[in-house]
Amino acid sequence: MQLGLVGLGKMGFNMRERVRRAGHEVIGYDRNPEVTDSESLADMVSKLEAPRVVWVMVPAGDITRNTVKELSELLAPGDLVVDGGNSKFTDDRVHADLLAEKGIGYVDAGVSGGVWGLENGYALMVGGDAAHVEQAMPIFDALRPEGPREEGFAHAGKVGAGHYSKMVHNGIEYGLMQAYAEGFELLDKTDVVDNVPAVISAWQRGTVVRSWLLDLLVRALESDPELDDLRGYVEDSGEGRWTVEEGINNAVPLPVISAALFARFQSRQEDSPAMRAVAALRNQFGGHSVHLAGPSSGGGSTQG
């Protein structure tokens, strides 16, 4: 079948290649003239035969909203839009309703696989009507990992369910990465363990903490054993925040995911105002030592 693919960045570029390898025709559009197959969204749509399937793979937020709105004016009844970006699930109903007014279907697809998806495939969690999901199934089958469909693809539910599932997936990912990171720091800090990379590498087989994320940590340590080439500054792309918000909305305790999100916030502070306040309070009530700003540090201490 044919697929129109909007957005040929790190993920979209590899997804186009994987779908083509499966024997489908992909006509892509990107503002980067070096990678695009079309001059514009309208040009891309004109090259597709009805009923059209257009996959949107652009950054979440206004860019996705504007793209969906423009497609609503270009596509025709019976066509289908798949949003495979990291949109917030609350946007999906808005997009679906906008397109439904024109007789155009909508599916939201949570996609996991990153830059490794080209070779390994992408885990897919989708939301939408069964007929719309079936319409795009040849593309989903091309993108998902080899093996049983249910081990790499899920029709999670109605519109919004795909992005909601991916949001929770990414929240779990926050917690897993934070646990590995804290374990690495403790191993690196102690004088008991001499070969930290060897220890973490040994966890890859036979242990209950083995995972693909652990394999990637081993890979990173092979090229930089102390991880000295990187700054400990970590962004968040939104899904962790939305997961914590949903935990609050549904009265579901998420202590691990919440702590992992706040740790990312802390990583961006060169000098934490909150920790300065804690130091000041400890000095005030107990005379505990403090490190002064500037060339010298000091302060007396009483009981620990």
Side-chain angles (χ1 to χ4, degrees), residues 10-11 13-15 17-19 21-22 84 86 109-126 140-156 162 165-237 239-240 243-244 252-264 266-267:
K10 291 180 181 179
M11 288 276 283
F13 186 89
N14 284 344
M15 290 171 69
E17 178 61 23
R18 186 170 176 89
V19 174
R21 289 181 184 180
N86 283 329
V111 181
S112 179
V115 296
W116 299 88
L118 174 58
E119 300 301 330
N120 299 337
Y122 302 86
L124 302 169
M125 302 140 269
V126 306
F140 296 143
D141 280 339
L143 288 169
R144 66 176 176 81
E146 295 181 5
R149 180 184 286 172
E150 63 270 17
E151 293 182 6
F153 172 86
H155 182 189
S165 300
K166 179 57 164 42
M167 174 192 73
V168 175
H169 166 282
N170 281 23
I172 294 170
E173 182 183 287
Y174 276 43
L176 290 172
M177 287 193 289
Q178 186 65 26
Y180 284 133
E182 292 174 7
F184 165 77
E185 182 173 354
L186 182 57
L187 288 168
D188 189 57
K189 196 77 170 179
T190 182
D191 58 4
V192 177
V193 176
D194 295 327
N195 193 339
V196 176
V199 170
I200 294 178
S201 181
W203 293 347
Q204 290 179 281
R205 294 183 183 274
T207 74
V208 296
V209 298
R210 64 189 184 274
S211 73
W212 184 47
L213 281 174
L214 181 67
D215 295 342
L216 294 177
L217 178 57
V218 170
R219 188 172 183 269
L221 290 171
E222 286 174 351
S223 60
D224 183 11
E226 300 293 331
L227 300 182
D228 290 333
D229 294 341
L230 302 173
R231 283 184 60 208
Y233 184 104
V234 185
E235 289 284 3
D236 68 286
S237 55
E239 294 91 344
T243 305
V244 173
V252 175
L254 303 175
V256 172
I257 295 173
S258 300
L261 174 64
F262 295 145
R264 293 193 179 197
Q266 190 174 33
S267 77

Engineer: So, Asp224 side chain and Asp229 main chain: donor-acceptor pair closer than 3.5 Å or not?
Structural biologist: yes

Engineer: In this structure, are over 12 heavy atoms from other groups packed under 6.0 Å from Phe13 atom CZ?
Structural biologist: no

Engineer: For Ser237 and Glu239: C-alpha separation, side-chain torsions, deciding distance, then whether side-chain hydrogen bond (donor to acceptor under 3.5 Å, both in side chains) applies.
Structural biologist: CA-CA 6 Å; Ser237 55; Glu239 294 91 344; 2.5 Å; yes

Engineer: Would you say Glu151 and Pro145 make side-chain contact, with heavy atoms under 4.5 Å?
Structural biologist: no

Engineer: May I ask you to decide if Val218's main-chain N or O and Ser201's side chain share a donor-acceptor pair within less than 3.5 Å?
Structural biologist: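 Between the backbone of Val218 and the side chain of Ser201 there is no qualifying donor-acceptor contact (under 3.5 Å).
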
Engineer: Output side-chain donor-acceptor pairs under 3.5 Å for residues 190-197, partner residues at least two apart or in another chain, one line each.
Structural biologist:
| from | atom 1 | to | atom 2 | distance (Å) |
| --- | --- | --- | --- | --- |
| Thr190 | OG1 | Val192 | N | 3.1 |
| Asn195 | OD1 | Ala198 | N | 3.1 |

Engineer: Which atoms form the tightest heavy-atom contact between Ala142 and Arg18, and what is the distance?
Structural biologist: O-NE, 3.1 Å

Engineer: Is there a side-chain contact between Phe184 and Leu221 (heavy atoms, below 4.5 Å)?
Structural biologist: yes

Engineer: Indicate yes or no for a side-chain donor-acceptor contact from Arg144 to the backbone of Gly121 under 3.5 Å, with no hydrogens or angles considered.
Structural biologist: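 No: the side chain of Arg144 does not pair with the backbone of Gly121.
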
Engineer: Are Asn14 and Trp116 close enough that some pair of their side-chain heavy atoms sits under 4.5 Å apart?
Structural biologist: no

Engineer: Any non-hydrogen side-chain atom of Leu118 less than 4.5 Å from a side-chain atom of Arg21?
Structural biologist: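 Touching, per the 4.5 Å side-chain cut-off.
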
Engineer: Counting only heavy atoms not in Glu146, do more than 12 fall under 6.0 Å of its CD?
Structural biologist: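 Atom CD in Glu146 is not packed in, count stays at 12 or less.
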
Engineer: Are Phe153 and Met125 packed together at the side-chain level, in the sense that at least one heavy-atom pair is separated by less than 4.5 angstrom?
Structural biologist: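 Side chain of Phe153 against side chain of Met125, heavy atoms only: no contact under 4.5 Å found.
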
Engineer: For Gln204, is the CD atom crowded, meaning more than 12 foreign heavy atoms sit under 6.0 Å from it?
Structural biologist: yes

Engineer: Is Tyr174 reaching over with its side chain to a backbone N or O of Arg264, donor-acceptor style, under 3.5 angstrom?
Structural biologist: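 Answer holds: no.
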
Engineer: For Glu17, look at atom CD and say whether over 12 heavy atoms of other residues, nucleotides or ligands are found less than 6.0 Å away.
Structural biologist: yes

Engineer: What's the separation between atom CG in Asn170 and atom CG in Asn86, rounded to the nearest 0.5 Å?
Structural biologist: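 Output value for this atom pair is 6.0 Å.
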
Engineer: Can you give me the closest heavy-atom contact between Thr207 and Ala202, atom names plus distance?
Structural biologist: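 Looks like CG2-O, 4.2 Å.
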
Engineer: Are side-chain heavy atoms of Ile172 and Leu176 found at a separation under 4.5 Å?
Structural biologist: yes

Engineer: What pairs with Val252 under side chain to side chain contact (heavy atoms under 4.5 Å, CB included), at least two apart in sequence or on another chain?
Structural biologist: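 Scan of Val252 (side chain to side chain contact (heavy atoms under 4.5 Å, CB included), adjacent residues dropped) gives Asn250, Leu254.
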
Engineer: Which pair of non-hydrogen atoms, one from Ser267 and one from Gly232, has the smallest distance, and what is that distance?
Structural biologist: CB-O, 3.1 Å

Engineer: Mind checking whether Met15 and Leu143 have side chains closer than 4.5 Å, heavy atoms only?
Structural biologist: yes

